[in-house]
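In what follows, chains carry the letters A, B, and so on, assigned in the order in which the sequence lines appear, proteins first and then strands, with residues in each chain numbered from 1.
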Amino acid sequence: MPELPEVETVRRGLVRAMQGRRFAAVRLNRADLRFPLPNGFADRLSGQRIEAIGRRAKYLVVALSGGESLIMHLGMSGRFTVVHQGGKARSLGEMYGEAAGGAGGLHDHVVFVLDDGTRIVYTDPRRFGMMDLCPTGEVSSHRLTRRLGVEPLGKELSARRLAVAMAARKAPLKSLLVDQRLIAGLGNIYACEALFRAGLSPKRPAGTLARNGRPDPRLAKLVLAIRAVLNDAIDAGGSTLRDYADADGASGAYQHRFSVYDREGQPCRRRGCRGTIRRIVQAGRSTFYCPRCQH
DNA sequence: AGCTCGACCTGCACGC
DNA sequence: TGCGTGCAGGTCGAGC
């Protein structure tokens with residue numbers, strides 16, 4: 001589930017549940033996600049007030065009263081479930097549909113208990129997720145975040161910026177779009193969707209849009225497409241894939257609006273186009289596109 | 001330096 | 001029914 005729109009949706013849910021509260025306790029059902037949790041993880045969180053919850057690319061950054069920040073990444077299959085005291089569970093980014101009741105599912109690795117009794121359960125079957133702690137002032141130089149490129153929804157992303165990065169590059173355009181060192185937060189789904197929206201082929205060598213480092217006009221269109229796709233997805237509450245419907249409507253809905261992603265063999269949705277969506281593999285990842293619309 | 005690939009890990013859909 | 005295969009939204013590091 002988690003690309004930028006999904007992480008942003010989760011962030012907003014966590015803000016409602018956590019901001020201003022304190023950690024009363026932290027329970028670890030296993031201490032290794034993608035890599036081991038930092039030393040003293042639970043003790044360093046306990047008693048801390050949650051001052052703010054931000055996002056950098058696909059990372060969630062929780063600023064704590066004691067001067068440290070909790071950096072978290074959901075990997076491929078991570079999600080949070082908020083279990084209110086005496087209330088029902090509310091999933092934030094659900095997948096593999098289990099443990100929504102907070103009853104202690106097989107892959108519930110970390111449980112944050114807040115001072116109002118709310119439990120925030122981190123579930124992650126594949127354990128590609130990550131959690132680390134570092135001084136709040138050092139978040140941007142942390143090894144996980146220091147090489148990240150520009151935020152796609154910030155004003156640093158521009159056609160000129162892309163042109164500089166793409167000049168003389170022979171890699172396919174799509175490969176550059178999912179490179180977090182260039183655009184931080186764009187993943188496989190939304191890169192495909194943005195390229196469709198911009199009418200650009202994922203196979204096109206990136207450098208062909210930046211002759212002499214100057215932006216081709218189509219790059220401006222691509223920037224607009226990236227922002228539009230991400231904003232539309234955030235507005236829809238993100239995408240929820242291979243999932244059960246959530247009882248209280250926490251599931252995202254954007255997956256119903258995909259133009260190309262996971263639509264191999266289906267007709268192009270652009271009015272008047274009789275093309276068929278094709279799937280290819282680039283750098284080991286599936287790419288979906290309409291050969292009639294994208295050049 | 002740029003690019004691709006395999007590794008990490010589990011679950012699910014599919015075909016036989 | 002069971003088993004094998006391939007696929008999945010992530011990132012990283014090795015090796016060409």
Side-chain angles (χ1 to χ4, degrees), chain A residues 1-10 29-30 32-36 55-60 71-80 92-99 105-109 122-132 142-149 152 164-194 202-203 205-207 210 229-230 233-234 236-244 251-258 260-265 279-288:
Chain A
M1 93 76 212
E3 288 190 37
L4 187 151
E6 291 73 38
V7 176
E8 178 60 21
T9 300
V10 169
N29 295 322
R30 68 181 291 166
D32 58 318
L33 300 176
R34 167 118 193 209
F35 48 79
R55 179 187 59 73
R56 173 73 172 110
K58 300 167 197 167
Y59 290 88
L60 292 162
I71 301 176
M72 303 189 285
H73 195 294
L74 301 172
M76 292 276 261
S77 59
R79 70 183 157 102
F80 287 102
L92 300 172
E94 55 274 47
M95 126 174 240
Y96 292 110
E98 48 179 295
L106 179 62
H107 302 296
D108 295 351
H109 306 308
Y122 180 70
T123 307
D124 186 0
R126 294 176 73 178
R127 265 185 290 124
F128 288 172
M130 318 170 202
M131 293 187 189
D132 200 7
H142 189 278
R143 66 185 181 84
L144 293 172
T145 61
R146 69 185 171 210
R147 282 183 291 270
L148 292 171
V164 170
M166 290 177 174
R169 299 285 292 271
K170 296 197 305 186
L173 184 53
K174 190 254 189 167
S175 294
L176 285 210
L177 290 190
V178 297
D179 185 341
Q180 303 299 295
R181 294 168 301 182
L182 177 55
I183 303 175
L186 202 57
N188 206 38
I189 293 177
Y190 298 105
C192 292
E193 294 295 311
K203 297 190 286 189
V229 162
L230 294 177
I234 291 171
S239 303
T240 309
L241 272 62
R242 61 191 106 262
D243 174 42
Y244 66 108
S251 297
Y254 193 75
Q255 67 276 15
H256 303 303
R257 307 231 294 265
F258 290 157
V260 291
Y261 185 81
D262 207 19
R263 296 196 62 241
E264 182 183 20
R279 172 185 178 272
I280 58 173
V281 175
Q282 295 180 295
R285 319 291 298 185
S286 287
T287 297
F288 300 87

Might you point out which heavy atoms bring [X] and [Y] nearest each other, and give the distance in Å?
X	Y	value
A:T9	A:I234	OG1-O, 4.5 Å
A:E193	A:Y261	OE2-N, 2.9 Å
A:A184	A:P152	O-CD, 3.0 Å
A:G78	A:Y122	CA-OH, 3.6 Å

Under 4.0 Å between any heavy atoms, over every strand shown, what does [X] touch: base, sugar-phosphate, or nothing? Just pick one.
X	answer
A:P172	sugar-phosphate
A:R285	base
A:R34	base

Review point. C:dG9 C1' sits how many Å from A:I234 CD1, rounded?
Key: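 My rounded result for the distance is 15 Å.
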Check your understanding: Separation of A:L60 atom CG from C:dG10 atom P, in whole Å?
Key ->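 Rounded to the whole Å, the gap is 15 Å.
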Review point. Hey, is the side chain of A:H107 poking within less than 4.0 Å of OP1 or OP2 on B:dT10, counting only N and O atoms?
Key: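 For B:dT10, neither OP1 nor OP2 has a side-chain N or O of A:H107 closer than 4.0 Å.
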Could you give the distance separating [M] and [N] at their [atom1] atoms, to the nearest angstrom?
N	M	atom1	answer
C:dG9	B:dC3	C1'	22 Å
B:dA1	C:dT11	P	23 Å
C:dC3	B:dC9	P	23 Å

Practice item. State the dot-bracket string of DNA chain B. Criteria: Watson-Crick or G-U wobble, both atom distances under 3.5 angstrom; notation: ( ) intrastrand, [ ] crossing earlier pairs, | interstrand, . unpaired. Key: .|||||||.|||||||
Check your understanding: For A:G75 and A:R147, take the nucleotide of DNA chain C holding the closest heavy atom to each; which residue's nucleotide lies nearer the 5' end?
Key ->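 Checking each residue's closest nucleotide, the 5'-ward one belongs to A:G75.
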Practice item. Kindly state whether the pair A:F128 / C:dT11 counts as stacked, where counting means centroids closer than 5.5 Å and planes tilted less than 30° apart. Key: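 So no, this residue does not stack on that base, at least one cut-off failing.
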Review point. Would a 4.5 Å heavy-atom cut-off, applied to side chains only, mark A:K174 and A:R285 as touching?
Key: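 Answer yes - side chains close enough.
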Review point. Do A:L33 and A:H109 touch side chain to side chain, with heavy atoms closer than 4.5 Å?
Key: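 Of all side-chain heavy-atom pairs linking A:H109 with A:L33, at least one is under 4.5 Å.
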**Study point:** 5' precedence on DNA chain B between A:R127 and A:R181 (nearest-nucleotide basis)
**Key:**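 Per heavy-atom nearest nucleotide, the more 5' residue is A:R181.
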